[in-house]
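When a residue number appears, it is its place in the shown sequence, counting from 1.
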Amino acid sequence: MSASGKWERLSQWPMAVWMTIVWVLLWGGVTPANVLSGLVVSALLLVIFPMPKVGFAGRWSVIGTVALLVRLLADIVRASIAVAVRVLRVRQNPRGAVIRVQLRSESDLVLTLTAELTSLVPGTLVVEAHRLTGMLYLHVLDVSQPGALERARASVLSQERRVMHALATDADIAIAGIAPRPWKRSATKEANR
């Protein structure tokens with residue numbers, strides 16, 4: 001095995017650790033036998049079914065990542081309160097819906113992260129994601145209020161924009177038709193003066 005092949009195998013250790021944790025949780029107890037068997041099974045699975053590399057040709061932005069995480073936490077808190085209030089209304093049944101949202105980015109990473117972060121917010125759940133078309137189908141808990149469908153779509157597209165601002169290059173953001181990073185626009189205006 002070449003040096004690059006060995007490095008690729010070593011770079012999969014986080015996945016092996018994660019698979020071992022899941023294995024131990026599935027068995028219901030932390031014992032030396034469970035941990036050891038989890039390590040063996042995860043190593044065997046990674047050898048037989050190696051994980052594909054996920055390409056990242058983007059540009060990580062600290063400001064974009066902080067904005068993404070702060071907004072995600074705020075959305076989770078806000079939606080948790082809204083779902084709790086909705087559950088406590090005994091006489092009113094929520095009217096759910098499955099909607100589709102066309103994402104603007106062509107990146108698999110952006111599609112995946114947008115779907116995962118959207119599913120983390122209570123009241124929404126991604127039921128299907130079409131990789132080739134960039135379409136997300138998601139279940140929304142309550143669409144009984146006027147404009148609820150549009151707000152749900154706008155929320156997903158805002159999540160995609162924040163993911164793009166955190167991880168994409170300026171060129172990818174422009175190709176997707178998303179407004180540039182706000183902090184970059186002000187810096188560009190200052191430079192043009």
| task | Indicate the atoms forming the closest heavy-atom contact of Val126 with Ser119, along with that distance. | result | N-OG, 3.1 Å

| said: Test of understanding: clusters of I, L, V, M, F, W, Y form through side-chain heavy atoms closer than 4.5 Å, transitively. Do Val121 and Leu149 belong to the same one? | reply: no

Identify all side-chain donor-acceptor contacts of residues 66-76 below 3.5 Å with residues at least two apart in sequence or on another chain.
residue: Arg71; atom: NE; partner: Asp75; partner atom: OD1; Å: 2.9

| query | In Å and rounded to the nearest 0.5 Å, what is the CD1 to CG distance from Ile175 to Asp170? | reply | 11.0 Å

| field | Spacing of Met164 atom CE and Leu157 atom CG [to the nearest 0.5 Å] | value | 12.0 Å

| note | In short, Ala148 meets Val143 closest at the heavy-atom pair CB-CA, 3.6 Å

| message | As an exercise, state the distance from CZ of Arg95 to CD of Gln145, rounded to the nearest 0.5 Å. | response | 10.0 Å

| said: Show every ring-ring contact (aromatic ring centres under 6.0 Å, His included) that has at least one partner inside residues 95-129, sequence neighbours left out. | reply: none

| task | Answer yes if Val110 and Leu120 sit in the same cluster of Ile, Leu, Val, Met, Phe, Trp and Tyr residues linked by side chain heavy atoms under 4.5 Å apart, and no otherwise. | result | yes

| Heavy-atom closest pair, residues Val140 and Ala152 | CG2-CB, 3.9 Å

| said: Treating Glu160 as the side-chain partner and Leu111 as the backbone partner, does any N or O pair qualify as donor plus acceptor under 3.5 Å? | reply: no

| query | Do the side chains of Trp183 and Ser61 get nearer than 4.5 Å, heavy atoms only? | reply | yes

| task | For side chain to side chain contact (heavy atoms under 4.5 Å, CB included), just list the numbers for Ser144 and Arg86, CA-CA rounded to whole Å, side-chain angles, deciding distance to a tenth of an Å, and then say yes or no. | result | CA-CA 11 Å; Ser144 57; Arg86 191 55 159 140; 3.5 Å; yes

| query | Which heavy atom of Arg151 sits nearest a heavy atom of Pro146, and at what distance? | reply | NH1-O, 3.2 Å

| request: List the atom of Pro122, the atom of Ala79, and the distance in Å for their closest heavy-atom pair. | output: O-CB, 3.3 Å

| message | Does Glu106 have more than 12 heavy atoms from other residues, nucleotides or ligands lying within 6.0 Å of its CD? | response | no

| said: For residues Met15 and Ile48: do they belong to one hydrophobic cluster (side chain heavy atoms under 4.5 Å, members Ile, Leu, Val, Met, Phe, Trp, Tyr)? | reply: yes

| message | In the structure I gave you, are the side-chain heavy atoms of Ile178 and His165 within less than 4.5 Å of one another anywhere? | response | yes

| Taking NZ, NE, NH1 and NH2 as the nitrogens, is one of them in Arg59 or Asp172 under 4.0 Å from a carboxylate oxygen of the other? | no

| Short side-chain donor-acceptor distance under 3.5 Å, Thr118 and Thr124 | no

| note | In this structure, CG of Leu113 is separated from CZ of Arg162 (nearest 0.5 Å) by 13.0 Å

| field | Closest non-hydrogen atom pair between Pro94 and Asp142, with its separation | value | CA-OD1, 3.9 Å

| So if you build clusters from Ile, Leu, Val, Met, Phe, Trp, Tyr with side-chain heavy-atom gaps below 4.5 Å, do Leu141 and Val87 land together? | yes

| Gap separating the CE atom of Met19 from the CG atom of Leu44, nearest 0.5 angstrom | 9.0 Å

| said: side chain to side chain contact (heavy atoms under 4.5 Å, CB included), that's the test. Do Arg100 and Leu136 meet it? Break it down for me. | reply: CA-CA 6 Å; Arg100 69 179 180 185; Leu136 287 182; over 6 Å; no

| request: Evaluate the criterion side chain to side chain contact (heavy atoms under 4.5 Å, CB included) for residue pair Arg181 and Ile173; output intermediate values, then yes/no. | output: CA-CA 9 Å; Arg181 295 173 174 99; Ile173 292 171; 3.7 Å; yes

| said: Does either side chain, that of Ser37 or that of Trp23, offer a donor lying less than 3.5 Å from an acceptor on the other one? | reply: yes

| task | Please check if Val47 and Leu39 belong to a single hydrophobic cluster, counting links between Ile, Leu, Val, Met, Phe, Trp and Tyr side chain heavy atoms closer than 4.5 Å. | result | no

| request: Decide yes or no for Trp60 and Thr65: does some side-chain heavy atom of the first lie under 4.5 Å from some side-chain heavy atom of the second? | output: yes

| said: Working note: Thr114 + Leu103, criterion side chain to side chain contact (heavy atoms under 4.5 Å, CB included); need CA distance, chi angles, decisive distance, verdict. | reply: CA-CA 9 Å; Thr114 302; Leu103 298 183; 4.2 Å; yes

